[in-house]
Every structure is written in C-alpha cells, then in structure tokens.
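Encoded as structure tokens, the structure appears first; notes follow it.
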Amino acid sequence: MLTVNAYGATSATAPLVPLTIERRDVGPNDVLIAIRYAGICHSDIHTVRGEWGPIAYPQVVGHEIVGEVVEVGSDVTKHAVGDRVGVGCMVNSCGECDACLAGDEHMCAKGNTQTYASVDRDGTITQGGYSTHVVVDEDFVLKVPESIPYEQAAPLLCAGITTYSPLARWGAGPGKRVAVVGMGGLGHMAVKIAVAMGADVTVLSRTASKRDDALAFGATAHVATGEEGALESVRGSFDLIINTVSAKLDIDAYLATLRPFGTLVNVGAPPEALPVQVFSLIMGNKAFVGSNIGSIRETQEMLDFCAEHGIAPETELISADRINEAYERVLASDVRYRFVIDTATL
Ligand code: NAP
Ligand code: ZN
C-alpha cells in the first residue's frame with residue numbers, strides 16, 4: 001500500500017479538505033502514475049455533493065488526470081517508466097461481455113469501474129485524481145502526445161472525449177451545422193473539436209459574455225439564449241446539437257432549432273429529468289439521444305486528433321487550496337474554461 005496526499009470531501013455539504021488515501025500495491029498489469037495535473041469537471045461537483053445519489057465519504061474525485069509513469073508491473077507491455085500518460089473516467093471493466101470484447105468498455109454490461117466513487121475489483125471505493133499518485137490497469141491508461149502542453153492535457157481525458165465521441169458518431173464535418181449548448185468545460189472543447197472536424201459551429205450560451213471567445217475558438221455564430229426571441233432566430237437551423245448544460249433545460253425549445261432528421265445529443269447530466277413533448281420529435285423525425293464518455297480506443301484517437309490539429313483546452317491552473325473556490329466559480333459559470341489543479345501543491 002502507498003499512502004498519498006489528496007484533497008477530498010468528507011460529506012455532501014462540507015468544503016473539500018486535505019487528506020491522505022491508500023493506493024493498492026502495483027499488480028502485474030498495473031501502472032503507478034505520479035499525477036502532475038488534474039482537471040475539475042462539473043461531474044466532480046455533482047458527485048461529491050450527492051446530486052446523483054448518496055456516496056460513501058471520504059471521497060476524492062477527479063477524472064481528468066495526467067502524469068508520469070513511475071513504476072510498472074511485471075506483465076505491463078504498453079507503458080514504460082517516464083511515459084507521459086493520462087487516465088479518464090474509467091479504470092476497469094469486466095473485459096468479457098459483448099461490449100468489452102467489441103472495445104466499448106464504457107458500455108460494459110457489468111458497469112465499468114469509474115475512476116472515483118465506484119466499487120473497485122478489491123471491493124474498495126475508487127478514489128480519483130485530486131491526489132499525487134494513482135495505480136491503474138495498463139489497459140485503461142492513455143498516451144498523452146508530447147505536443148499537447150502538459151498543463152492543458154488533463155481536461156481532454158473527460159471534456160475532450162465526452163464531446164469528441166458524439167461529434168464523431170453523429171458525423172460533425174464539412175457541410176454540417178452543429179450547435180453547442182452551454183460553453184463551459186465540455187462546451188468549449190465541443191466547439192474546438194467540431195471546428196477542427198470541419199463543421200459550421202454555432203454556440204448557444206445564456207449571455208453574450210462568451211461571444212468573443214466562441215468566435216475565437218472558430219465558431220461562426222453565437223446566440224445569447226437569454227435574450228428575447230433568440231432561439232426563434234435559429235429555428236430549423238442545425239443538423240446536430242450537443243447539449244453540455246449541467247442544469248435542467250427546455251429541450252423542446254432546442255429541438256425546434258434542429259432541421260428535419262436532426263439529432264440533439266445530451267451529454268450534460270443534471271440530476272433532474274428532461275421532459276420532451278413527443279411531437280417535438282415526431283414532426284421533424286428528430287432524435288434526442290444521450291452519450292457517455294467514450295471507449296479507451298476512441299479516447300486515444302481523440303488525444304491524437306487534438307495533437308494533430310493543435311487543439312488544447314483553455315485552462316486556469318490553481319493550487320489545491322483553491323479547489324473549493326473553483327467549485328463555486330464553476331457553479332457560477334465563472335470559469336474560462338477549465339480549472340486544473342497543480343498536484344505539487346497537495
Ligand atoms: P461547466 O463547465 O459548468 O459547463 C456547463 C455550462 O452549462 C456552463 O458554462 C453554462 O454555459 C451552462 N449552464 C450552466 N447552468 C445553466 C443553466 N441553469 N441553464 C442554462 N445553461 C446553464 O460543466 P462541464 O464540466 O462542462 O459539465 C457539463 C455537464 O456535463 C455536467 O452536468 C457534467 O456532469 C456532464 N458530463 C457528462 C459526461 C458524459 O459522459 N455524458 C461527461 C462529463 C461531464 P453558458 O454560460 O455558456 O450558458
Ligand atoms: Zn468529467
């Protein structure tokens with residue numbers, strides 16, 4: 001066992017505090033990673049505050065992890081000491097079900113083992129990336145290309161893959177009009193990736209405050225949805241909408257902005273239900289679907305795509321003692337566009 005410094009929650013309501021956690025001994029297929037940077041995802045906040053259901057405390061979250069391999073198990077072949085690597089939202093899966101055998105570990109029939117707040121194979125609860133070290137099965141460790149700046153790489157492991165996957169699956173590319181709803185951590189990556197794929201991108205954000213940034217990221221238009229008649233102005237416009245909003249949203253109003261046969265993909269994960277009028281779908285042969293992160297293969301594809309296209313998240317580096325302040329700023333949409341923790345400060 002390795003005792004490591006971390007920052008975590010002791011209850012759903014108390015601020016996060018410094019604490020120590022145990023990491024398992026490095027097994028034959030494991031990699032020990034010295035974490036350098038960890039991103040703050042809105043899912044971390046939903047989880048520690050019990051918004052998705054009760055969890056066990058203490059709980060360390062964080063599933064946007066980059067660092068260096070410092071030890072490998074005897075049977076490890078994919079990674080070597082010194083490699084720059086990443087870990088995203090899952091750290092294991094059954095490896096035997098149809099989904100796992102097809103390379104869709106994130107769809108594992110037994111449920112993949114999430115990087116935090118999940119029951120690990122040894123029965124313990126997984127602890128996430130706001131910590132100095134993590135031990136992970138080599139199959140769930142990604143290679144982070146050297147050309148992606150170290151400090152900026154971490155958010156790709158969740159915000160990057162969660163937006164890349166539906167954009168790729170639903171064919172964002174030349175000739176396609178894509179709208180991104182909500183421009184936070186996921187949303188700003190959705191814009192950059194969709195632009196790099198060749199799509200025409202519109203940002204649907206509540207106010208005009210992020211307009212300049214949206215255009216700088218390559219969007220051709222920005223609509224301030226809080227303004228009167230805003231969604232009416234883009235009625236019937238889009239082939240594909242990626243909704244990244246972390247709160248309840250009037251889905252019918254957004255479905256009306258799709259063209260016939262268009263698709264609205266929900267990646268935002270608010271605890272509340274998102275009701276839909278059936279006629280909002282039937283009348284235009286429209287689809288309202290969800291998307292959950294991405295497979296390990298697709299996550300590597302996304303990292304290589306970002307390296308090839310020179311895409312990286314916009315980040316604000318913070319010390320660990322600013323995590324609670326960062327949470328409040330995420331909730332107030334006062335983040336441009338992802339907080340990243342410098343784990344040397346843990
Ligand atoms: P974030 O940085 O907080 O961004 C969310 C954005 O949503 C905000 O920047 C804001 O954009 C908009 N928004 C917030 N509250 C709103 C409200 N009440 N009404 C309308 N718009 C609102 O969060 P994130 O880290 O990108 O995560 C977004 C969501 O995706 C979370 O629910 C998270 O749990 C979920 N998630 C899902 C997956 C998956 O696999 N499906 C993976 C990761 C995260 P504007 O200021 O531009 O309006
Ligand atoms: Zn996340």
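All ligand and atom numbering here is 1-based and tracks the order in the structure. If you're wondering where the values come from, they're calculated on a predicted model, not measured in any experiment.
- The protein heavy atom nearest to atom 29 (C) of ligand 1 is T244 O, 3.3 Å.
- Below the 2.8 Å limit, the Zn ion (ligand 2) has as protein N, O or S neighbours C41 SG, H63 NE2, C158 SG.
- Side-chain contact of R24 with T124: a donor-acceptor pair under 3.5 Å is absent, judged by distance alone.
- Close contacts between ligand 1 and W52 involve ligand atoms 34 (O) [criterion: under 4.0 Å to a heavy atom].
- Contacts with ligand 1 closer than 4.0 Å are made by side-chain heavy atoms of A247 only, the backbone lying farther away.
- Taking a 4.0 Å cut-off on heavy atoms, S291 registers as neighbouring ligand 1.
- With a 4.0 Å cut-off on non-hydrogen atoms, T162 touches ligand 1 through its side chain and not its backbone.
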_Y116 and D44: CA distance, side-chain angles, deciding distance, side chain to side chain donor-acceptor pair (under 3.5 Å) verdict_ = CA-CA 9 Å; Y116 57 72; D44 303 350; 2.7 Å; yes

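- Using a 4.0 Å cutoff on heavy atoms, F339 does not count as a contact of ligand 1.
- Nearest protein heavy-atom neighbour of atom 26 (O) of ligand 1: L186 N, 2.8 Å.
- Using a 4.0 Å cut-off between charged nitrogen and carboxylate oxygen, R177 and D200 count as a salt-bridge pair.
- Side-chain contact between V72 and E138: absent, with no pair of heavy atoms (C-beta onward) separated by less than 4.5 Å.
- A donor atom on one side chain and an acceptor atom on the other are found under 3.5 Å apart for D304 and Q300.
- In this structure the side chain of L32 reaches within 4.5 angstrom of the side chain of H133, judged on heavy atoms.
- Both the backbone and the side chain of S205 come within 4.0 Å of ligand 1, judged by heavy-atom distances.
- Closest to atom 6 (C) of ligand 1, if we only count protein heavy atoms, is G184 N, 4.0 Å.
- Near N292, with a cut-off below 4.0 Å to any heavy atom, the atoms of ligand 1 are 40 (O).
- Among all non-hydrogen protein atoms, the one lying nearest atom 44 (C) of ligand 1 is S43 OG, 3.2 Å.
- Looking at ligand 1, you won't find any N or O of V335 less than 3.5 Å from one of its N or O atoms.
- Looking at atom 17 (C) of ligand 1, its nearest protein heavy atom turns out to be R206 NH1, 3.5 Å.
- An N or O contact shorter than 3.5 Å is missing between K248 and ligand 1 by distance.
- Some N or O of K210 is nearer than 3.5 Å to an N or O of ligand 1, by distance alone.
- Those atoms of ligand 1 that come under 4.0 Å of a heavy atom in V267, given as number and element, are 30 (O), 35 (C), 36 (N), 37 (C), 38 (C), 39 (C), 41 (N).
- Two residues are said to be in side-chain contact when any heavy atoms from C-beta on lie closer than 4.5 Å; V4 and I21 meet this criterion.
- At a 3.5 angstrom cut-off on N or O pairs, L249 does not count as close to ligand 1.
- Here the heavy atom of the protein found nearest to atom 7 (O) of ligand 1 is V245 CA, 3.6 Å.
- A salt bridge between R336 and E316 is absent, with no side-chain N of the basic residue lying under 4.0 Å from a carboxylate O of the acidic one.
- Between R169 and D104, none of the side-chain N atoms (NZ, or NE/NH1/NH2) sits under 4.0 Å from a carboxylate O, so this pair counts as no salt bridge.
- At a threshold of 4.5 Å between non-hydrogen side-chain atoms, the residues H46 and S246 count as touching.
- Residue pairs satisfying the side-chain hydrogen bond (donor to acceptor under 3.5 Å, both in side chains) criterion with at least one member in residues 261-278, sequence neighbours excluded, are listed as follows: N243-N266.
- Counting atoms of ligand 1 from 1 in the listed order, those under 4.0 Å from a heavy atom of R338 are 24 (P), 25 (O).
- Contact of the V245 side chain with the P270 side chain is not registered, since no non-hydrogen atoms from C-beta on lie closer than 4.5 Å.
- Close approach of ligand 1 to I293 (heavy-atom distance below 4.0 Å) involves ligand atoms 39 (C), 40 (O).
- Atoms of ligand 1 found under 4.0 Å from any heavy atom of H42 (numbered from 1 in listed order, with element): 1 (P), 3 (O), 23 (O), 24 (P), 25 (O), 27 (O), 31 (C).
- Protein heavy atom at the shortest distance from atom 8 (C) of ligand 1 is S333 OG, 3.5 Å.
- Counting heavy atoms from C-beta on, the side chains of E105 and N112 never come closer than 4.5 Å.
- Looking at G185 next to ligand 1, an N or O pair under 3.5 Å apart turns up.
- Using a 3.5 Å distance cut-off with no hydrogens or angles, the side chains of T132 and N5 do not pair a donor with an acceptor.
- Side chains of T299 and Y164 form no contact here, defined as non-hydrogen atoms less than 4.5 Å apart.
- In summary, the atoms of ligand 1 found under 4.0 Å from a heavy atom of C158, numbered by their order in the structure, are 42 (C), 43 (C).
- Here is the list of ligand 1 atoms found below 4.0 Å of a heavy atom in M183: 9 (O), 11 (O), 45 (P), 47 (O).
- Two residues are said to be in side-chain contact when any heavy atoms from C-beta on lie closer than 4.5 Å; I311 and M189 meet this criterion.
- Note: Y37 and Y150 have perpendicular aromatic rings, judged against thresholds of 30 and 60 degrees for the angle between ring planes.
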